[in-house]
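Structure first, then comments.
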Number of protein chains: 2
Amino acid sequence: MPTKSVKRTEGRARLNRERVLRTAVEVADEEGLEKLSMRRLGEGLGVEAMSLYNHVSNKEDLLNGMIDALYGEIELPSHDDDWKTALRKRSVSVREVLLRHPWANGLMDSATSPGPGTLRHHDRVLGTFRNGGFSLAMTAHAFSALDSYVYGYAKQERALPFDNKEQAAAMATGMLVQLPASDYPYLHELMAKHVLQPGYNYADEFSFGLDLVLDALERARDAERAG
Amino acid sequence: MPTKSVKRTEGRARLNRERVLRTAVEVADEEGLEKLSMRRLGEGLGVEAMSLYNHVSNKEDLLNGMIDALYGEIELPSHDDDWKTALRKRSVSVREVLLRHPWANGLMDSATSPGPGTLRHHDRVLGTFRNGGFSLAMTAHAFSALDSYVYGYAKQERALPFDNKEQAAAMATGMLVQLPASDYPYLHELMAKHVLQPGYNYADEFSFGLDLVLDALERARDAERAG
DNA sequence: ACCTGAACACCGTTCAAGT
DNA sequence: ACCTGAACACCGTTCAAGT
C-alpha cells in the first residue's frame with residue numbers, strides 16, 4: 001500500500017512556514033537583523049529567495065511571524081503561583097528572551113497584527129491580574145504599566161554599548177575621559193563613584209524596578225478595594 | 001571692503017551638518033524612516049546624495065545625529081520645581097517628542113554613541129534625583145526604572161495600530177470578532193467591557209504608570225533614609 | 001503546487017573627476 | 001573644500017516559465 005514518501009531532494013525537509021520562520025530567527029540571532037534578507041534566508045534553507053513567497057506573503061509578514069514565534073519562548077504566568085510571583089517569573093522570562101534575540105524588541109514597534117502566540121500570551125497575563133483581584137480598569141492600568149517597564153528595560157539594556165561586565169568597565173573608563181566633570185557633573189559622578197566600583201552590574205537594576213512596579217501595583221489594587 | 005558673500009546657488013543655504021540633520025528629521029516625520037534614503041535626503045536638500053558624505057560620515061552617523069537632535073526638543077527638568085514635578089514634566093515631554101517623531105524610539109535601541117544633547121539630558125535627570133535627596137545607588141535605580149517605564153510606554157503606544165480614539169474603536173470592534181471569547185477570554189473581556197466603553201483612552205494610561213513609578217521611587221528613597 | 005531565472009526599481013557607499 | 005556621475009554590490013518583489 002502506498003505511503004507518503006519521506007524522500008526529499010538531498011534529504012532536505014520540504015519548505016513550510018514554520019521552517020522558514022525558525023531559520024529566519026536563527027539568521028537574525030547569528031548575523032543580525034540587517035543581514036536577514038530574503039536572499040540570505042533562501043540560502044540558509046537551500047532554496048532561491050523567490051520560493052519563500054510561497055510561505056510568507058512578504059517581508060513584513062515574515063517579521064511579524066518571527067515576533068509571534070518568540071512569544072512561544074516566553075514562560076507563561078503559572079496558575080500555581082500567586083499573581084505577583086507568576087508575573088515576576090514571566091517578566092524575567094520576557095527579558096531573557098529579548099536578551100537572546102536582541103533584534104526583536106525594536107521590531108515589535110512596527111509589528112502590525114499580533115499573531116496567536118502574542119494574543120495567547122497577553123490573555124494569560126490579563127487573566128493573572130483578574131484572578132489576582134484586580135478590577136477591569138486596574139487590570140488595564142497594571143498591564144500597561146508592567147509591560148511598559150519590562151519592554152522599556154530590555155530596550156535600555158540593549159542600548160548599552162557593551163555585553164558584559166568587563167567590557168562595561170573598559171567602556172566606562174574610556175567614557176569617563178569623554179565626560180568631563182565640568183560639562184556633565186552627575187554623569188561623571190555616577191560613572192566614577194558607582195558604575196565603575198567593583199560589584200556594580202547594570203543587569204541588577206532589572207529586579208529593583210520590577211519589584212518596585214509589582215509592589216506599587218499591589219498597593220494600587222488594595223487602595224481601590226478599600227476606597 | 002570684501003564681505004562674505006551670502007549669495008548661494010538658487011538662494012539655497014550652504015549645506016552643513018545641522019541642516020542635513022534637520023531635513024532628515026523632517027523627511028522621517030513626513031514620509032517615515034523607511035523612506036529616508038541618502039538619495040531622498042539629498043533631493044530634499046537640492047543636492048546629490050553623495051554630497052551628504054561631506055557632512056555625515058555614513059548613514060549610521062546620520063541616524064545617531066538625528067537622535068541627538070531630538071534630545072534638544074525634550075524639556076529639561078526644571079531647577080525651580082521639586083524633583084517629582086520636574087521629572088513628571090520632563091517625562092511627559094519625552095512622550096510628546098516620541099509621539100511627534102514615531103520613528104525615533106526604535107532607533108534608540110541601535111544608536112551607538114550618545115551625542116552631547118543626549119548626555120546633557122541624562123546629566124540633568126541624574127542631577128534632579130541627586131538634589132532631590134536620592135543616594136547615588138538609589139539614583140541609579142531610579143534613573144533606570146523611570147526611563148524604562150517612559151520609553152517602554154512610548155513603545156507600547158506606538159505599537160498600537162491606531163492613532164486616535166475613533167480609529168481605536170473601529171479597530172477594536174473589528175478585533176473583537178477575531179478574538180473569540182473561547183480562545184482569549186480575558187482579552188475579549190477587556191475589549192468589550194472596558195476599552196470599547198465610552199470614555200476609555202489608552203493615552204490616559206501614561207499618567208497612571210508615571211505617578212505609580214514616581215510615588216514608588218519617593219517611598220524607596222524615604223525607606224533608604226530611614227533604614 | 002511549488003520552485004526558479006531574469007528583470008525592475010530601488011538601496012548605501014566608493015572613487016575619480018570636476019569646480 | 002565641496003559637489004557630482006558612474007559604478008559596485010546589494011535590496012524586496014513581480015512575473016512568466018518551468019516541473
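Quick caveat, the model's predicted, so the values are computed rather than measured.
The pair A:Asp147-B:Lys155 fails the salt-bridge criterion, with no side-chain N (NZ, NE, NH1 or NH2) lying under 4.0 Å from an Asp/Glu carboxylate O.
Distance A:Glu48 CD to C:dT4 C1': 6 Å, rounded to the nearest Å. Distance, B:Asn54 CG to D:dC2 C1': 5 Å, rounded to whole Å.
Of all heavy-atom pairs spanning A:Ala145 and B:Leu212, the tightest one is CB-CD2, 4.3 Å. Residues A:Val56 and A:Asp61 come closest through the heavy atom pair CA-OD2, 3.4 Å. Closest approach of A:Val97 to A:Leu70, counting heavy atoms only: CG1-O, 4.2 Å.
Every stem involving DNA chain D, taken as at least 3 paired positions in a row under the Watson-Crick or G-U wobble test at 3.5 Å, is listed here: C:4-8 with D:12-16, C:12-16 with D:4-8.
In this structure B:Leu214 satisfies the side-chain contact (heavy atoms from CB on, under 4.5 Å) test together with B:Trp83, B:Lys84, B:Leu87, B:Arg88, B:Leu146, B:Leu210, sequence neighbours excluded. With sequence neighbours excluded, the residues that form a side-chain hydrogen bond (donor to acceptor under 3.5 Å, both in side chains) with B:Ser144 are A:Tyr202. For A:Leu136, the side-chain contact (heavy atoms from CB on, under 4.5 Å) partners two or more places apart in sequence, or in a different chain, are A:Arg130, B:Glu189, B:Leu190, B:Lys193, B:His194.
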Exercise for the section: Output, in order, the C-alpha distance, side-chain angles, deciding distance and verdict of ring-ring contact (aromatic ring centres under 6.0 Å, His included) for B:His122 and B:Tyr71. Expected result: CA-CA 10 Å; B:His122 289 151; B:Tyr71 272 97; 5.7 Å; yes
Under 3.5 Å between N/O atoms: give me all the protein pairs with nucleotides 17-19 of chain D, atom names plus distance.
none

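Within the 4.5 Å cutoff, the side chain of B:Phe206 has no heavy atoms near those of the B:Glu157 side chain.
A:His55 and A:Arg19 are not linked by any side-chain donor-acceptor pair at a separation below 3.5 angstrom, with hydrogens and angles left out of the test.
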Exercise for the section: Let me have a per-nucleotide readout for nucleotides 8-15 of chain C, 5' to 3', with B, S or -, counting only protein heavy atoms under 4.0 Å. Expected result: ---BBBB-
